Amino acid sequence: MSAPPHEAAEPAESAVPDGRVVLDTGDIARALTRIAHEILERNKGAGDLVLLGIPSRGVPLARRIAARIQDVEGVAVPVGALDITMYRDDLRRHPARSPQPTEVPPGGVDGKTVVLVDDVLYSGRTVRAALDAMNDLGRPDVVRLAVLVDRGHRELPIRADHVGKNLPSARTERVMVRLDETDDAEGVWIR
Ligand SMILES: O=P(O)(O)OC[C@H]1O[C@H](OP(=O)(O)OP(=O)(O)O)[C@H](O)[C@@H]1O
Ligand SMILES: O=c1cc[nH]c(=O)[nH]1
């Protein structure tokens with residue numbers, strides 16, 4: 001089956017990007033460990049906690065954070081995935097490309113503390129879409145946001161509760177995250 005035109009035009013995403021390295025493998029590991037501890041501290045433990053990853057790379061990041069929480073607390077925190085594609089307000093600029101389907105975390109989200117997890121926070125439009133998408137799953141008591149990189153330039157009143165790295169950037173720059181689970185490389189680059 002041939003790829004839709006927008007996919008054919010995109011460069012391969014899995015290769016090591018050109019640009020300046022801002023986080024290497026060790027930096028990512030340490031940032032995720034810190035975020036896991038912050039989440040536990042803020043939630044006073046792992047009770048009623050749910051992690052919801054935003055595809056594509058938010059999902060493996062959510063799984064890595066859950067693994068760290070399990071190491072610290074001995075509790076398996078439910079992890080799910082939230083397909084936000086059809087909730088975007090800029091769908092034309094972000095054409096739907098093989099979205100990962102929503103995976104409802106075991107036990108659902110009703111009455112839970114949900115931590116949304118994504119790799120990059122930029123305009124905030126992805127997170128806004130995620131909040132809409134989550135309405136279809138249920139009504140959490142609390143929703144928080146964890147991101148590996150906050151590069152600024154918000155277009156909506158959205159902020160992250162847990163940030164791996166605040167990365168000042170120009171709008172003209174691009175931040176590229178690569179993870180072993182989804183790519184042939186691991187790190188964060190800016191160009
Ligand atoms: O705050 P925003 O302006 O919405 O930008 C952040 C989003 O952009 C990237 O996703 P992208 O749409 O490139 O898809 P990907 O996760 O599959 O790379 C990134 O993974 C975030 O989800
Ligand atoms: O630079 C950017 C902007 C949005 N999303 C990314 O992954 N990188």
Side-chain angles (χ1 to χ4, degrees), residues 10-43 51-69 79 81-85 87-91 93-95 97 99-100 114-134 143-191:
E10 284 180 4
E13 282 230 324
S14 61
V16 175
D18 288 337
R20 177 168 63 88
V21 176
V22 288
L23 294 178
D24 64 19
T25 306
D27 296 327
I28 292 175
R30 284 185 286 276
L32 295 179
T33 298
R34 175 173 51 76
I35 287 173
H37 283 279
E38 284 180 7
I39 290 170
L40 286 171
E41 214 174 310
R42 184 90 179 260
N43 197 54
L51 303 184
L52 266 187
I54 301 175
S56 52
R57 294 178 183 87
V59 180
L61 290 175
R63 294 195 200 290
R64 290 190 196 186
I65 293 169
R68 283 158 166 80
I69 289 175
V79 178
L82 196 57
D83 174 18
I84 56 110
T85 315
Y87 296 85
R88 298 202 69 100
D89 62 7
D90 52 0
L91 195 53
R93 276 198 294 136
H94 286 256
R97 38 177 180 161
Q100 179 175 350
V114 171
V115 181
L116 294 171
V117 181
D118 206 354
D119 55 353
V120 177
L121 179 58
Y122 180 40
S123 69
R125 288 179 190 275
T126 298
V127 173
R128 191 215 56 79
L131 292 171
D132 265 8
M134 205 169 43
V143 182
R144 299 207 171 101
L145 175 64
V147 296
L148 182 60
V149 175
D150 181 349
R151 60 163 296 189
H153 303 289
R154 220 72 81 235
E155 295 171 3
L156 296 169
I158 284 171
R159 65 164 180 79
D161 299 277
H162 309 288
V163 178
K165 185 174 179 66
N166 285 295
L167 180 63
S169 66
R171 274 185 193 277
T172 48
E173 289 176 307
R174 172 93 190 150
V175 174
M176 292 149 290
V177 176
R178 298 292 179 265
L179 300 174
D180 285 337
E181 294 93 328
T182 49
D183 309 291
D184 295 334
E186 166 109 358
V188 179
W189 289 259
I190 187 167
R191 184 184 60 218

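Just so it is clear, the model here is predicted, and its values are computed rather than measured. Computation of the quantities below employed the complete heavy-atom set of this structure, encompassing side-chain atoms and omitting hydrogens, waters and symmetry-equivalent molecules.
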Side-chain donor or acceptor of [X] paired with backbone N/O of [Y] under 3.5 Å:
X	Y	result
R88	A129	no
R128	Y87	yes
H162	R144	no
R57	L61	no
D183	A185	no
R151	N166	no
D118	V147	no

| message | Go through it in stages, so that I can follow the logic: the residues are R174 and Y122, the test is side chain to side chain contact (heavy atoms under 4.5 Å, CB included), and I'd like the CA-CA distance, side-chain angles, deciding distance and then a yes or no. | response | CA-CA 10 Å; R174 172 93 190 150; Y122 180 40; over 6 Å; no

Side-chain heavy-atom pair [X], [Y] within 4.5 angstrom cut-off:
X	Y	result
D27	D24	yes
R125	L156	yes
L121	R154	yes
V188	K165	no

Could you report the tightest heavy-atom contact between [X] and [Y], atom names first, then the distance?
X	Y	answer
G164	I35	N-CD1, 3.7 Å
A133	D83	CB-O, 4.0 Å
S56	Q100	O-OE1, 4.4 Å
I28	G187	CD1-CA, 3.7 Å
L51	A62	CD1-O, 3.3 Å
L52	M134	CD1-SD, 3.7 Å

| request: Output, in order, the C-alpha distance, side-chain angles, deciding distance and verdict of side chain to side chain contact (heavy atoms under 4.5 Å, CB included) for I65 and V79. | output: CA-CA 10 Å; I65 293 169; V79 178; over 6 Å; no

[atom2] on [Y] to [atom1] on [X], rounded to 0.5 Å:
X	Y	atom1	atom2	answer
L145	I158	CG	CD1	8.0 Å
I190	D18	CD1	CG	14.0 Å
L148	L179	CG	CG	7.5 Å
R191	R20	CZ	CZ	13.0 Å
L116	T126	CG	OG1	11.0 Å

| If you measure from the Lys or Arg side-chain nitrogens to the Asp or Glu carboxylate oxygens, is any gap between R159 and D161 under 4.0 Å? |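 Yes, charged N to carboxylate O under 4.0 Å.
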
| message | I'd like to know if R64 pairs up with E181 as an ion pair, taking the criterion as any Lys NZ or Arg NE/NH1/NH2 lying under 4.0 Å from an Asp or Glu carboxylate oxygen. | response |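 Looking at E181 together with R64, the answer is yes, because their closest N to O distance falls below 4.0 Å.
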
| query | Pick one: which of V175, V163, L167 meets side-chain contact (heavy atoms from CB on, under 4.5 Å) with D150? | reply | V163

